[in-house]
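Both ligands and their constituent atoms are indexed starting at 1 by order of listing.
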Amino acid sequence: MAVFTPLSDAQVAEFLERFNVGNLRSLKGVPHGTENSTFFVTTERGEWVLTLFEQGEFEDLPFFVDLLDYLDAHDLPVPGPIHDRQGVALQRLAGRPALLFPRMPGAHPSAPNLAQCAALGDALGRMHLVSQRFQGSRANPRDLDWLNRRHLEVLAFLDDADRALMQAEIADYTLAFEGISLPRGAIHGDLFRDNTLYEGDRLGGIIDFYNGCTGELLFDLAIVINDWASDEDGKLNAERYSAILGAYVKHRPLDAYERRLWSTMLRMTALRYWLSRLLVIHVDPPAHDITPHDPARFRLLLGRRLNAEIPPLPA
Ligand SMILES: Nc1ncnc2c1ncn2[C@@H]1O[C@H](COP(=O)(O)OP(=O)(O)O)[C@@H](O)[C@H]1O
Ligand SMILES: N[C@@H](CCOP(=O)(O)O)C(=O)O
């Protein structure tokens, strides 16, 4: 269930008059979102996605609009927000902040093949190349400071071994990253398979930029590898790993510090999701009735990254 604020045809038809997108033909609530109300809208001019923002930091919405405008202008496969006849993207509808997007083609890849992995690495490399010049700024809401602060709230829910592991890991990351400055820019921040759409091997779109921020580019890349290149048992799949990274480094080669901190970043981003999922279950239950993601998946990934050799990075 992901339409938290229902909309009538009449409301949406009137809303569309603000834009130059044609007249409403059909409106359909999207069932599988988790945070916002999402609708597929068809007009005689095309297909659109209407998002009503239900929660989160509304003051960050202008950052997301600017970032998507910027990436769209640089030919990245993202839904550039539609601006109204006055040039304004961010709207209000049914008492909620609202954005209208083009509907991107395709479906989420649950088991991406190597061509799909390469397409993702290529797009992410291109994105990070240009995102270093993006002028907007939003601190990474899930950075090491956040880990240091918020892990304290879940320690009581862990067994002794996991509690010791989480504390030792965060202490290790704090030491490893101290005084080091990695290449930074705008990042997606949550680039899981279900935030992409593919038509066959072609990447049709990268969506859901609401964890987008400015931070370390390597953080984004490590999130991608953990989700896209891990097998069911949590081990890294060497082929998918090489396909993504090989395509990525053609656009943005990694520097010496990034190479040195790569395995630490893979562990840190695994722990980031272990922690955020534990927080959802034990500390901040969602406002709506949705099934929480399983923290055990990222506990497993963290264990694998600690105990198995990480394949070499491509040159
Ligand atoms: N621009 C888009 N093009 C195509 N489908 C989209 C687009 N934006 C969202 N969707 C679809 O709507 C679903 C929910 O959107 P999303 O922004 O991920 O919401 P939530 O943050 O609530 O999970 C996505 O999984 C996707 O299927
Ligand atoms: N994709 C994430 C959810 C988003 O992360 P959050 O820290 O903003 O909750 C997941 O799979 O857990």
Worksheet item: Hey, does Y210 come in under 3.5 Å of ligand 1, counting only N/O atoms on both sides?
Response: no
Discussion item. Is it the case that atom CD in E14 sees more than 12 heavy atoms from other parts of the structure closer than 6.0 Å?
Written reply: no
Practice prompt. Only one of L271, D294, L275, D162 passes side-chain contact (heavy atoms from CB on, under 4.5 Å) with R299; say which it is.
Written response: D162
Worksheet item: Any idea which protein heavy atom is nearest atom 8 (O) of ligand 2, and the distance to it?
Response: N211 OD1, 3.2 Å
Discussion item. Here's one to test your reading of the geometry: is the NZ or CZ of R259 within 45 degrees of the ring axis of W262 and under 6.0 Å from its centre?
Written reply: no
Discussion item. Can you tell me how far apart OG1 (T5) and CG (L93) are? Round to the nearest 0.5 Å.
Written reply: 9.0 Å
Worksheet item: In ligand 2, which numbered atoms sit nearer than 4.0 Å to a non-hydrogen atom of R142?
Response: 6 (P), 7 (O), 8 (O)
Response to the item:
For N36, the ligand 1 atoms with a heavy-atom partner under 4.0 Å come out as 21 (O), 22 (O)
Worksheet item: So do W274 and L165 actually touch side chain to side chain, heavy atoms under 4.5 Å?
Response: yes
Worksheet item: Counting from 1, what ligand 2 atoms have a heavy atom of H293 closer than 4.0 Å?
Response: 10 (C), 11 (O), 12 (O)
Practice prompt. Evaluate whether atom OH of Y257 has more than 12 neighbouring non-hydrogen atoms of other residues, nucleotides or ligands under 6.0 angstrom away.
Written response: no
Worksheet item: Which of the atoms of ligand 1 are close to V30, meaning less than 4.0 Å from one of its heavy atoms?
Response: 12 (O), 13 (C)
Worksheet item: Within a reach of under 6.0 Å around CD of Q11, are more than 12 heavy atoms found that belong to other residues, nucleotides or ligands?
Response: yes
Practice prompt. Please round to the nearest 0.5 Å and tell me the distance separating atom CZ of R240 and atom SG of C117.
Written response: 6.0 Å
Worksheet item: Is the shortest heavy-atom distance from the side chain of P141 to the side chain of C213 under 4.5 Å?
Response: yes
Discussion item. As an exercise, identify every atom of ligand 1 less than 4.0 angstrom from a heavy atom of R103.
Written reply: 3 (N), 4 (C)
Item to complete: Under 4.0 Å from a heavy atom of S276: give me the atoms of ligand 2 that qualify, with their elements.
Response: 7 (O)
Response to the item:
Under 4.0 Å between heavy atoms, the region of L197 that gets near ligand 1 turns out to be side chain
Practice prompt. Identify, by atom number and element, the atoms of ligand 2 in contact range of R272, meaning under 4.0 Å from any of its heavy atoms.
Written response: 5 (O), 6 (P), 7 (O)
Worksheet entry | Sub-3.5 Å N/O-N/O distance, D208 and ligand 1 | yes
Worksheet entry | Separation between OG of S263 and CD1 of I310, rounded to the nearest 0.5 Å | 6.0 Å
Practice prompt. Run the numbers for me: atoms of ligand 1, each under 4.0 Å from some heavy atom of P79, listed by number.
Written response: 1 (N)
Fill in: Proximity flag P102 to ligand 1, non-hydrogen atoms under 4.0 Å
yes
Discussion item. Among all protein heavy atoms in this structure, tell me which lies nearest to atom 4 (C) of ligand 2, with the distance rounded to 0.1 Å.
Written reply: D190 OD2, 3.6 Å
Worksheet item: Under 3.5 Å between some N or O of ligand 1 and some N or O of F101?
Response: no
Worksheet item: Do R103's NZ or CZ and the ring of W48 fall within the cation-pi criteria of under 6.0 Å and 45°?
Response: no
Worksheet, complete the sentence: Counting from 1 in the order shown, the ligand 2 atoms closer than 4.0 Å to a non-hydrogen atom of R277 are 10 (C), 11 (O), 12 (O)
Worksheet item: Hey, is ligand 1 close enough to H108 that some N/O pair sits below 3.5 Å?
Response: yes
